[in-house]
Amino acid sequence: VINRAFVLWVILLLPLLVKAQDPPEIPDLIRVTVDHSDNGVLIQWEPSEDTDIEFYHLYKMNPDQSFSKIFSFDPFTFEYKHMTSGLKNLAYAVTAEDSASNESNFGQNVHRAVSLSSEFDLCDQSYEVEWTGYEGWEGQVSGYKLYGALAGDPCQELNYLTSPPLSFTHTHVEVDTTYVYYVETFKSNGITSISAIDSVTSFIPEAPSYITIDHISVLDEFSIELQFSADIAGPVNSFRIMRRGNTGTPFTTIQTLENLSQSTTVIQDQFPTGNTSYQYIIQSIFQPAACSSPLEISESNTGNSILLQNTLDESLLTLNWTAYSEYETGLSGYTIQRRGGDGEFIDIETVGPGISSWQESLESVVNGFQPGEIHYRVLALSNEGGLGDPGISISNISSVAVETQIQVPSAFTPGNPGSSGVDHEFKVMMDFGPRVYTMMVFDRAGRKVFETTQADEGWDGRFQNGEFVNEGVYVYYIQYTDYTGLTKSLTGTVTVLYP
């Protein structure tokens with residue numbers, strides 16, 4: 001009887017003894033994902049297939065690959081948000097413990113969300129973003145979607161990758177700003193995991209507080225002068241002068257100025273100023289030691305050489321010029337100038353900033369010996385104020401060639417001037433002076449009594465020795481070439497009369 005009872009007891013306890021030796025099935029981890037609302041890490045798992053579960057235990061992986069228990073849960077809890085991890089990308093495992101205190105092994109059921117890092121590339125002015133693969137879904141990941149945006153803006157999808165390398169270069173980023181990024185991992189069954197948000201700030205040296213083109217003026221037929229002012233007290237004191245011929249085309253470098261010691265700089269550029277207008281900007285630049293080329297930090301206002309051209313219809317002259325763009329303080333208007341007989345330019349009219357055309361009749365310019373090549377230029381004036389010098393930009397000189405018309409008197413009376421209505425000098429009358437002029441006077445015997453190459457010089461009726469000639473008829477010969485290129489010759493007689 002004792003033997004039968006012992007055998008029966010063994011038979012009844014055998015399942016329990018076997019169960020006490022076998023640990024419960026490890027619960028399958030569903031995912032590890034970050035909740036961006038509070039930066040908590042959500043760990044979710046499936047219930048163990050065993051029914052005799054007393055606890056679930058949550059472990060974190062240590063740097064040495066060992067595990068430390070951080071929390072235990074009742075058998076009806078299948079997720080937990082870990083708030084103490086901050087932005088650290090921890091690996092987690094969950095085990096099950098039955099009523100006999102048997103705990104499941106870790107096995108391969110360890111999960112870690114994507115770890116993302118980003119850094120600013122100063123040389124390329126771009127963000128380099130890299131991330132690790134999701135651990136725990138090996139062979140089951142269908143893709144990784146990268147999101148990013150300026151800090152404070154809603155994140156937008158930037159890229160989608162299905163295989164390594166898991167990286168992205170974010171170009172054309174705004175400097176001196178902070179960007180945020182995160183990755184969403186997609187499992188083939190539709191489950192997703194989100195990484196923690198990583199932030200990175202672009203940094204470049206502080207730009208000059210101001211940089212402005214003061215003026216651009218034409219010096220002569222082949223050169224212009226450009227003046228700009230800039231703050232050179234900060235870390236950026238090198239500058240690049242850029243030029244282009246047509247709006248909408250790229251600027252090209254024509255000169256680089258390094259380590260300026262003065263805030264105002266004047267340079268010259270060479271090109272045919274009478275048929276082309278060029279536009280300029282000044283860039284402040286910085287050369288990092290690790291970069292092969294300097295970085296553009298900031299740029300000035302634009303400025304352009306003023307191209308002045310003219311058309312002549314009968315005696316109506318029309319001037320047209322390219323508008324000046326742009327002064328820091330704005331354009332106040334244009335002053336039209338004409339060169340006077342003394343070679344100096346004088347103001348003849350000022351027009352508003354929206355005007356780029358002007359007309360006048362050349363009949364109003366006639367003064368008897370005004371050269372038949374009339375010179376004009378236009379000055380673009382800036383408004384007052386600004387950090388640079390007040391701007392006055394000068395156009396090229398536009399020349400108007402005018403045909404010379406002359407009239408020759410038929411008689412005159414030598415002597416001292418002063419008698420009303422009496423010509424005391426034989427001198428031609430003309431509207432505009434020619435480029436080349438010769439006048440000679442001969443007596444009846446063919447002897448030359450006077451010669452000049454100055455259009456405004458006349459014959460006073462004297463021989464070359466100073467004595468007055470006799471009354472009578474004298475022969476003149478005039479030849480001239482005007483500024484249009486036309487050459488004319490005139491021969492006639494003039495009568496010398498005495499009272």
Side-chain angles (χ1 to χ4, degrees), residues 213-228 241-255 266-282 300-327 331 333-340 343-351 353-362 365 370-382 391-403 432 434-435 481-486:
I213 294 178
D214 299 324
H215 67 256
I216 298 174
S217 295
V218 175
L219 296 180
D220 53 42
E221 293 180 339
F222 298 100
S223 59
I224 66 101
E225 177 183 274
L226 182 152
Q227 177 180 304
F228 72 93
I241 294 85
M242 311 287 288
R243 182 186 72 188
R244 67 182 178 187
N246 297 303
T247 302
T249 60
F251 282 96
T252 58
T253 302
I254 62 170
Q255 192 173 354
V266 176
I267 67 164
Q268 289 189 13
D269 189 21
Q270 307 296 319
F271 64 88
T273 58
N275 53 31
T276 305
S277 172
Y278 281 102
Q279 191 175 57
Y280 296 83
I281 59 170
I282 311 297
S300 70
N301 56 310
T302 59
N304 61 277
S305 58
I306 303 173
L307 176 61
L308 176 64
Q309 296 177 308
N310 71 78
T311 56
L312 185 61
D313 184 9
E314 298 291 338
S315 62
L316 182 63
L317 170 71
T318 301
L319 297 179
N320 293 285
W321 61 89
T322 55
Y324 186 82
S325 175
E326 57 194 349
Y327 288 121
L331 178 68
Y334 299 94
T335 295
I336 296 96
Q337 293 185 329
R338 185 195 316 120
R339 178 171 277 163
E344 298 297 323
F345 280 95
I346 58 174
D347 297 349
I348 52 178
E349 190 164 347
T350 297
V351 298
I355 297 175
S356 58
S357 180
W358 181 82
Q359 292 180 323
E360 77 167 350
S361 172
L362 292 187
V365 182
Q370 167 76 35
E373 185 176 57
I374 309 174
H375 298 153
Y376 293 86
R377 68 182 186 183
V378 169
L379 279 58
L381 313 176
S382 71
I392 298 179
S393 298
I394 305 173
S395 75
N396 60 299
I397 297 173
S398 183
S399 300
V400 183
V402 184
E403 184 176 343
F432 294 99
R435 183 190 299 272
T481 301
D482 64 24
Y483 282 90
T484 69
L486 181 65

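Computed from a prediction, not measured in an experiment: that's the story for all the values here. In this chain, residues are counted from 1 in sequence order.
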Query - CD/E221: more than 12 non-hydrogen atoms of other groups inside 6.0 Å - result: no

Query raised in the report: Would one find more than 12 heavy atoms of other residues, nucleotides or ligands at under 6.0 Å from atom CD of E314?
Result: no

Specify the closest pair of heavy atoms between [X] and [Y], including all atoms of both residues, with the distance to one decimal.
X: N310; Y: S398; result: ND2-OG, 2.7 Å
X: L219; Y: Q268; result: CD1-NE2, 3.4 Å
X: D220; Y: V218; result: O-CG1, 3.3 Å
X: F432; Y: E403; result: CD1-O, 4.5 Å
X: Y324; Y: A380; result: CB-CB, 3.7 Å
X: I281; Y: I213; result: CA-CD1, 4.0 Å

Would you mind reporting whether [Y] and [X] have side-chain heavy atoms less than 4.5 Å apart?
X: W358; Y: V378; answer: no
X: L308; Y: L319; answer: yes
X: L379; Y: F345; answer: no
X: R339; Y: R377; answer: no
X: S305; Y: F271; answer: yes
X: Y278; Y: N304; answer: no
X: Y280; Y: I267; answer: no
X: D269; Y: I241; answer: no

Query raised in the report: Can I282 and L226 be said to form a side chain to side chain contact (heavy atoms under 4.5 Å, CB included), step by step?
Result: CA-CA 10 Å; I282 311 297; L226 182 152; 4.0 Å; yes

Report task. List the steps, then state whether side chain to side chain contact (heavy atoms under 4.5 Å, CB included) holds for V402 with V365. Result -> CA-CA 11 Å; V402 184; V365 182; over 6 Å; no

Requested in this report: Mark yes or no for whether T252, through its side chain, and R243, through its backbone, hold a donor-acceptor pair below 3.5 Å.
Outcome: yes

Query - All side chain to side chain donor-acceptor pair (under 3.5 Å) counterparts of T318, not counting sequence neighbours - result: Q359

If you round to the nearest 0.5 Å, how far is [atom2] of [Y] from [atom1] of [X]?
X: I306; Y: S325; atom1: CD1; atom2: OG; answer: 11.0 Å
X: N246; Y: S277; atom1: CG; atom2: OG; answer: 9.5 Å
X: S382; Y: I392; atom1: OG; atom2: CD1; answer: 7.5 Å
X: R244; Y: T249; atom1: CZ; atom2: OG1; answer: 5.5 Å
X: Y334; Y: S356; atom1: OH; atom2: OG; answer: 6.5 Å
X: I336; Y: D347; atom1: CD1; atom2: CG; answer: 9.5 Å

Requested in this report: Check step by step if side chain to side chain contact (heavy atoms under 4.5 Å, CB included) holds for N396 and L307.
Outcome: CA-CA 6 Å; N396 60 299; L307 176 61; 3.9 Å; yes

Query raised in the report: Any side-chain donor paired with an acceptor under 3.5 Å for S393 and Y327?
Result: yes

Report task. Quick one: do E360 and R338 satisfy side chain to side chain contact (heavy atoms under 4.5 Å, CB included)? Show the steps, please. Result -> CA-CA 11 Å; E360 77 167 350; R338 185 195 316 120; 2.8 Å; yes

